Trainee: 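Dropping the structure in here first, questions after.
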Amino acid sequence: MRFASFIAGFALTAAPLVAQVPVYLDETKPVEDRIEDALGRMTLEEKVAMLHAQSKFSSRGVPRLGIPDIWTTDGPHGIRPEVLWDQWDQAGWTNDSCVAFPALTCLAATWNTEMAELYGRSLGEEARYRNKSVVLGPGVNIYRTPLNGRNFEYMGEDPYLAGAMVAPYIRGLQSNGVAACVKHYALNNHEVNRHNTNVIVDDRTLYEIYLPAFKAAVQEGGAWSIMGSYNLFEDTHCCHNDRTLNRILRDEWGFDGVVISDWGGTHDTDQAIRNGLDLEFGSWTDGLRSGTKNAYDNYFLAYPYLEKIRSGEVGTEELDAKVRRILRLAYRTVMDRNRPLGSLCSDEHYAAARRIGGEGMVLLKNDGGLLPMKVEKGTRILVVGENAVKMMTVGGGSSSLKVQREILPLDGIRERFGDVAEIVYKRGYVGDVTGEYNGVTTGQDLSESRSAEELIADAVAEAEKADYVIFIGGLNKSDHQDCENTDRAGLELPYGQDAVIEALAAVTDRLVVVNVSGNAVAMPWVDEVPAILQAWYIGSEAGHVLADVLSGDVNPSGKLPFTFPEKLEDVPAHIFGDYTGISQRDTVDIEYKDGIYVGYRWTDMQKKTKPLFAFGHGLSYTEFQYGRPVADSAFMSEDGTVTVSVEVTNTGSRAGQEVVQMYIGDRKSSLPRPLKELKGFSKVYLEPGESTVVTFEVDRDDLSFFDPDRHEWVAEPGKFDIYVAAASDDVRGKVSIELK
Ligand code: BGC
């Protein structure tokens, strides 16, 4: 009894000494309560200060309340080096070198969702270690034209594939307490006139082709932020577009994250207030030049907004909604005290980059089994081409990096084969010898004074004596190649490379062409070259990855995430002639007259034009045989599912991985539909002689199309064909089901 009253007395006297943790800081309270509490404590000025940048890449928190600033960074292949507060120039840090992961086209080419998760997680660890709260990426704009200078940052032509790959990337990234900022939402499908292109697209195409990957990023990936694109849609810029941001993103998809403008993508205060933008970055992106006193104070969502509120012209409802969302982002990132610490340039990150790169390489052609190389003592290997020795991590625009190391292709080949083989290098052609972006320089001297003819003759003389000739060319990260803000001039390989390849092919039948690019290129010499490898931009481990695949240490298993057309005239975006590629000052209307027939959807319909290499194509050093696909039921009920299974056997002599693809076609529908559309895939690893059964679950959604009149997805009763395929042009079996 005495003891109890002692306790009670102690509690009474001690209580005032225990500081009350305010709700917004109390980790035991639900985040939404903490948000409301923080909001209630903020002044008008503090709220507005949160809505816009305070430097090139950061925005303000609430210092008085201990809510930290938000730091963003590019994205999407590695963590961008630090720039000065107000300028794009380098800050000159010595500890901001990163691992460059393979470009997103390569990730998409793995068709392996585990690789996407590994990628996001590893990148997030680097971002976290560098104390970033938001990574500006990944990008999922659909590959509509091979001229788009930014395709290398995206995940190909198919909405299903891009959506399936983006979600695990985001989950992996965000597991570090670092937000993904999915970009560029929406319809940013080429670069020329990117600020003044007004896209005209019908609703069906919008919902079936251009939105699904963003929707998957939001609903399946759970993205915490999204970036509005530069272009216009329905005559309004996409950074403050009521239709795309308020109505689709928030109302239809339930997005509760932050909409961040692309850098310099905000144009109007009223629209920015009402049409869904939360956080404005990069207006007057040349730093302070165009601002008056302090450029950041004069952003559209800074003083001009404050003035409108103070004068009573607008209320604070939108303001509070924006601040709530930014606070939510803060609680998910900088305010999460339990998030991991991250790591930079770890062995694990290099290993991840190498693994992803190896799985993404696409063996396009391999006549006579020229690859993998059989190298013994004295084998003579000739390597030709600028891309064998050119660093590719610097350049390309905002995704440019400063890397701790980049293994060049030639060095990777030397390291792998150098102790037995004789390796000779010849330049072959001169591309772009520059190597600088925003003050990061490669430090390489690639200057060359010999003429094109001399370079070819030199390479050819050596090729005649070689057991293997490996030509390593393609595009690079310079303007009008694979580079932001510009598009390519044509589908052809630049710098006279076709002539070099043809000259080499004339003297050797042991020629391997390695195309380094994030885009399809024309290959007029395709029939003369026995082996072709699509090598992407692999980043830090480029040379190792290439040697892994050439040697057979890694059996290639990548498949193309976009169609390689034979010529530009086969691409619907160009057939219908709405893309001019000419830079203009005024708004340019671009009508997507190709509609839903992008990529293989077009080649399937246009039976007469065969692609050079089809979507989903990719060879292996082994062979896979497919059994007959079977469905567990011939009918599907309204809300039922059907399981389709197929046996796949490795009939070759090496272990390998196969990407089994499932496409669905509707036999008869009220609106025209593509012959078939990708609705599932599975990557399986098989030892020689081993078999496995791959299953796909098909539901109503997989049978649906978007009906623009009803504004909903509709599955019409009737027969559907389910195709099991090794590529979009290599169907191995078909089974039909009927929707009741
Ligand atoms: C690009 C974005 C990038 C931003 C910040 C813009 O020019 O379009 O993708 O994240 O700059 O560097």
Side-chain angles (χ1 to χ4, degrees), residues 52-59 70-91 96 98 103-105 123 127 130 132-141 148-155 166 169-170 173 178-197 214 217 223-232 237-239 258-267 277-287 296 299 394-402 437-440 477 479 482-487 518:
H52 56 87
Q54 60 169 353
S55 76
K56 282 270 166 256
F57 285 99
S58 76
S59 65
I70 300 274
W71 277 87
T72 71
T73 177
D74 286 298
H77 309 135
I79 306 308
R80 184 175 178 155
E82 300 297 327
V83 298
L84 292 173
W85 191 261
D86 278 324
Q87 285 153 43
W88 292 113
D89 297 337
Q90 293 303 296
D96 58 347
C98 68
L104 290 194
T105 37
L123 182 75
R130 291 265 308 277
K132 305 300 181 193
S133 0
V134 179
V135 168
L136 305 173
V140 283
N141 294 93
N148 179 11
R150 271 189 113 166
N151 278 336
F152 72 100
E153 290 188 65
Y154 303 143
M155 302 216 205
V166 77
Y169 175 118
I170 293 169
L173 175 66
V178 175
C181 182
V182 186
K183 63 195 192 183
H184 304 90
Y185 180 70
L187 299 162
N188 185 180
N189 305 100
H190 58 265
E191 286 296 284
V192 71
N193 300 315
R194 61 180 176 165
H195 294 274
N196 53 329
T197 288
F214 288 103
W224 292 336
S225 69
I226 197 165
M227 184 187 287
S229 58
Y230 282 136
N231 53 284
L232 303 91
H237 281 100
C238 289
C239 287
V258 171
V259 173
I260 298 180
S261 76
D262 199 345
W263 270 230
T266 313
H267 298 268
L277 178 65
D278 298 314
L279 197 40
E280 176 188 3
F281 268 96
S283 303
W284 310 313
T285 50
D286 45 0
Y296 302 104
Y299 270 32
V394 177
S398 56
S399 63
S400 181
L401 297 171
K402 179 169 114 186
Y437 183 78
N438 271 179
V440 176
K477 300 284 194 68
D479 284 357
D482 282 322
C483 186
E484 181 179 338
N485 203 23
T486 60
D487 287 333

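First listed ligand is number 1; within each ligand, the first listed atom is number 1. Treat the numbers as computed from the prediction; the structure is a model and nothing was measured.
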Trainee: For the side chain of Glu280 and the backbone of Ala53, is there at least one donor-acceptor N/O pair under 3.5 Å apart?
Mentor: no
Trainee: If you count the atoms of ligand 1 from 1 in the order shown, which ones are under 4.0 Å from a heavy atom of Phe57?
Mentor: 5 (C), 12 (O)
Trainee: Report the member of Val134, Asn438, Asp74, Leu136 with the shortest heavy-atom distance to atom 3 (C) of ligand 1.
Mentor: Asp74
Trainee: Identify the two heavy atoms, one from Phe152 and one from Gly518, that lie closest to each other, and give their separation to 0.1 Å.
Mentor: CB-CA, 3.7 Å
Trainee: Parallel, tilted or perpendicular, judged at 30° and 60°: which one describes the rings of Tyr230 and His195?
Mentor: tilted
Trainee: Which of the atoms in ligand 1, numbered in the order shown and given with their element, are less than 4.0 Å from a heavy-atom of Met227?
Mentor: 10 (O)
Trainee: Identify, by atom number and element, the atoms of ligand 1 in contact range of His184, meaning under 4.0 Å from any of its heavy atoms.
Mentor: 2 (C), 8 (O), 9 (O)
Trainee: Flag Trp88 as yes when one of its N or O atoms lies below 3.5 Å from any N or O atom of ligand 1, and as no otherwise.
Mentor: no
Trainee: Would you sort out whether Glu82 and Lys56 count as a salt bridge (charged side-chain N to carboxylate O under 4.0 Å, His left out), showing the intermediate values?
Mentor: CA-CA 10 Å; Glu82 300 297 327; Lys56 282 270 166 256; over 6 Å; no
Trainee: Show me which atoms of ligand 1 lie under 4.0 Å from any heavy atom of Arg150.
Mentor: 1 (C), 2 (C), 8 (O), 9 (O)
Trainee: Taking only heavy atoms of Arg194, which atoms of ligand 1 are found under 4.0 Å from at least one of them?
Mentor: 7 (O), 8 (O)
Trainee: Which atoms of ligand 1 have any heavy atom of Lys183 under 4.0 Å away?
Mentor: 2 (C), 3 (C), 9 (O), 10 (O)
Trainee: Compare every heavy atom of Ala217 with every heavy atom of Val182, then report the nearest pair and how far apart it is.
Mentor: CG2-CB, 3.8 Å
Trainee: Classify the ring geometry between Trp263 and Phe57 as parallel (under 30°), tilted (30 to 60°) or perpendicular (over 60°).
Mentor: tilted
Trainee: Taking 4.0 angstrom as the limit and counting only heavy atoms of Ser398, give me the atoms of ligand 1 inside it, by number and element.
Mentor: 1 (C), 2 (C), 3 (C), 9 (O), 12 (O)
Trainee: Backbone or side chain, does any N or O of Arg80 fall under 3.5 Å from an N or O of ligand 1?
Mentor: yes
Trainee: Among side-chain atoms of Asn188 and Arg150, is any donor-acceptor pair under 3.5 angstrom?
Mentor: no
